[in-house]
Structures are given as structure tokens and as C-alpha cells.
Amino acid sequence: MKKINWKRLIYDLFIDISAGVLIGVGVYNFAANSEFPLAGVSGIALIFYRLFGVPIGFGSILLNIPIILGCYKTLGKEFFVRSMRSLLITSFLIDYVAPLFPVYSGNRMLAAICTGIFSGLGYALIFMNNSSTAGMDFVSIAIRTKRPHISLGKIVFILDCAIVLLGGFIFKDVDATIYGLIISYLLTYVIDKIMYGIDAGKMTLIITENGQAVVDVIDRYIERGATILQGYGSYTRENKEIVMCACNNKQMYIIKRMVKEVDKKAFIVILESNEVVGEGFKEG
């Protein structure tokens, strides 16, 4: 029986609760009262909340049931379990803790900004802790697995825009739809800056015994090319493979996480890149 790491569990719960409060405030105290259409499963749950009074968190759980059943096989067990915990905690906090805070009823642009910032901070904490809140994250990964020729960025963008536009169409509120699109952009921007910083780019050197598997996972998840170099360990006196890859800040975070799933012993060196010239980057 696997021993429970209580320190790690307490840390994970702290992150989930902190993130859940931030997301709950963004969705309930700002977006719901200002009647903004949002992206993701939360956006669909918000539609049901406005139409039928279904609690947002409870609605998110119900909507996630078919998504979970359909996407379970494409996800790793550990990531799936962590995501379920984050989903349940966040949903509970949206329905039972966020209503304890004052609801903002002022300027809609300020409400949109606060929705994007609070929600973005919350989601960034969850993503940085190698988890998610299920929903469209699961759908995006599942679609990417079935249709590898479509980039993940395009899948996420299409799904988000479709849900925001659906909410705007149902409630016939053009201004709210525009605010919803602004929130989606701002939320993504906040997540990116919290998780990946503001530097221009990164370059990584990954020292591993399975270079091809590392290259394959980089190509699969971020669609970046890489170069495999041959190396020799001066201490271990063993032949190694060195995978060199240039990418942006967001992609570097994904690389770090996915490489460790392929090779837990991989040695990763991350360098700042002032300029990258070539295909996929700046033209020479």
C-alpha cells in the first residue's frame, strides 16, 4: 500500500482551496452578477444558473460527468485524480464560500477586469500544481489525442469562443459578449504571466537516456522540433543523449512537466534566450 505523503497532501489542499476561492470570487461575485458569458464549463454552468437557478459549482460537476466518462482513458491516473479533487473543491467554494463575500455591482468593465484577474490567478495556481478543473481541459486534450494535426491552441480558442458566443446569443447581450471575450483574453494573459514570466523565450538542454521519447512528447504536446545531441557523462562515464529545444515561456512549463513523466531521472537545464531566428520563431 502506497504511503500517504501528508505534507504534500496538505500543500495540495491549500493550493486548491486558495485557487478555488479566487475562481469563486471571479465567477460568482463579479461575472455572475454582471451577467457575463464565460468560456469553459463554468461558462455553460453560468448559463444554467441564469436560466434555471442551478448553483454554478453544482452545475459544473454535473456537466463534467459525461466529459470525465468520455476522456478518462486519455488521461493519466494521477493527473485525473488531482483534477477531480481540484474540481470538487472549487465547485464547493463557488457555491458556499463565494456568496459570503460582497457581490460587485459597479462598472461592468471593472467587473470584467476583476473576473479575468481573480480567475486567472486561481487557474494559474491549479495548473502550476500539475492539476486542472477538468471540463474543457479534458476535452481539449481528448480532441488533440484524436486529431493530432490540430494544434492545442486552436482547439482551446475555438471552444472558448463558441461558449462565450453561445451565452451572448441566448441572452441577446452584445456588450456582455464583448466583455466575455475580453475576460477570456485577460484570463489567459494572467495565467501565462504568472506561470511563465515575461521573458522573450527559453532554451532547454535535457540530458536523458531516452532522447527519442523526449522528442516525441515535445512534438506531441507543444509541436516544437528538437535536436538530439550525443553526450558523455564525466562522472557516470556513460553515454547520454542531450535534447536541445527552443520554445516560449508557456511551452517550457509544459516541457518540464511532460519530460519528467517520460524520464524521471532526466536532467533539465533551462536558459534564457534573447533571440531565436528560424522557422516557428523570428524570421531571419
Side-chain angles (χ1 to χ4, degrees), residues 19-20 22-72 74-75 80 83-99 103 108 111-112 114-116 118-120 122-123 126-127 131-144 146 152-188 191:
L22 290 168
I23 295 171
V25 169
V27 173
Y28 183 88
N29 301 82
F30 288 99
N33 188 64
S34 298
E35 300 183 341
F36 294 142
L38 298 180
V41 168
S42 295
I44 301 176
L46 200 55
I47 293 175
F48 282 95
Y49 171 74
R50 292 179 60 187
L51 289 175
F52 311 112
V54 178
I56 301 171
F58 180 69
S60 295
I61 294 176
L62 290 180
L63 291 167
N64 266 295
I65 291 176
I67 295 175
I68 292 168
L69 295 176
C71 301
Y72 175 77
T74 63
L75 305 167
F80 177 82
S83 297
M84 290 303 96
R85 184 190 63 223
S86 299
L87 168 64
L88 293 174
I89 290 175
T90 300
S91 298
F92 174 84
L93 294 174
I94 290 175
D95 286 346
Y96 296 101
V97 175
V103 174
R108 293 184 92 188
C114 288
T115 297
F118 278 104
S119 299
Y123 284 117
I126 289 176
F127 295 154
S131 185
S132 76
T133 54
M136 290 303 153
D137 296 334
F138 282 13
V139 174
S140 300
I141 294 173
I143 294 176
R144 180 76 173 89
K146 300 293 184 182
L152 189 60
K154 289 181 180 178
I155 295 170
V156 173
F157 177 77
I158 291 172
L159 290 174
D160 285 353
C161 287
I163 295 172
V164 171
L165 293 174
L166 175 64
F169 175 78
I170 290 175
F171 298 108
K172 303 295 190 298
D173 190 338
V174 177
D175 287 347
T177 303
I178 296 173
Y179 284 126
L181 295 173
I182 292 174
I183 290 170
S184 295
Y185 172 80
L186 182 59
L187 187 148
T188 302
I191 291 174

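Atom set for the values below is all heavy atoms of this structure, side chains included, hydrogens, waters and symmetry mates excluded. These figures come from a predicted structure and were not determined experimentally.
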How would you list, by chain and number, every residue that makes a side-chain contact (heavy atoms from CB on, under 4.5 Å) with [X], sequence neighbours excluded?
{"X": "Ser119", "value": "Val27, Thr115, Tyr123, Leu187"}
{"X": "Ala134", "value": "Asn64, Met84, Leu87, Phe138"}
{"X": "Leu93", "value": "Ile17, Val21, Ile89, Val97"}

Rounded to the nearest 0.5 Å, how far apart are [atom1] of [X] and [atom2] of [Y]?
{"X": "Ser60", "Y": "Leu88", "atom1": "OG", "atom2": "CG", "result": "11.0 Å"}
{"X": "Ile67", "Y": "Leu63", "atom1": "CD1", "atom2": "CG", "result": "7.0 Å"}
{"X": "Ser91", "Y": "Tyr96", "atom1": "OG", "atom2": "OH", "result": "10.5 Å"}
{"X": "Ile47", "Y": "Ser42", "atom1": "CD1", "atom2": "OG", "result": "11.5 Å"}
{"X": "Thr90", "Y": "Arg85", "atom1": "OG1", "atom2": "CZ", "result": "10.0 Å"}

Specify the closest pair of heavy atoms between Phe30 and Ser34, including all atoms of both residues, with the distance to one decimal.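 That would be O-OG, 3.0 Å.
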Could you report the tightest heavy-atom contact between Gly59 and Ala45, atom names first, then the distance? C-CB, 4.1 Å
Determine whether the side chains of Thr133 and Ser86 contain a donor N or O and an acceptor N or O closer than 3.5 Å. no
Counting distance only, does the side-chain N/O of [X] pair as donor-acceptor with the main-chain N or O of [Y] below 3.5 Å?
{"X": "Thr188", "Y": "Ser184", "answer": "yes"}
{"X": "Asn33", "Y": "Tyr28", "answer": "no"}
{"X": "Asp95", "Y": "Ile56", "answer": "yes"}

Where at least one partner belongs to residues 168-188, residue pairs that pass ring pair (Phe, Tyr, Trp, His ring centres under 6.0 Å), sequence neighbours excluded: Phe36-Tyr179
Quick one: do Val164 and Leu38 satisfy side chain to side chain contact (heavy atoms under 4.5 Å, CB included)? Show the steps, please. CA-CA 5 Å; Val164 171; Leu38 298 180; 5.8 Å; no
Please examine the side chains of [Y] and [X], heavy atoms only from C-beta on, and report whether any two atoms are closer than 4.5 Å.
{"X": "Tyr49", "Y": "Pro55", "answer": "no"}
{"X": "Ile163", "Y": "Met136", "answer": "yes"}
{"X": "Leu181", "Y": "Asp160", "answer": "no"}

Determine, stepwise, if the pair Ile178 / Val174 fulfils side chain to side chain contact (heavy atoms under 4.5 Å, CB included). CA-CA 6 Å; Ile178 296 173; Val174 177; 4.2 Å; yes
Who passes side chain to side chain donor-acceptor pair (under 3.5 Å) against Thr177, sequence neighbours left out?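 Not a single residue meets the side chain to side chain donor-acceptor pair (under 3.5 Å) criterion with Thr177.
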Restricting to pairs with a member in residues 164-173, which pass salt bridge (Lys or Arg N to Asp or Glu O under 4.0 Å), not counting sequence neighbours?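 Passing the test, one end in residues 164-173: Arg108-Asp173.
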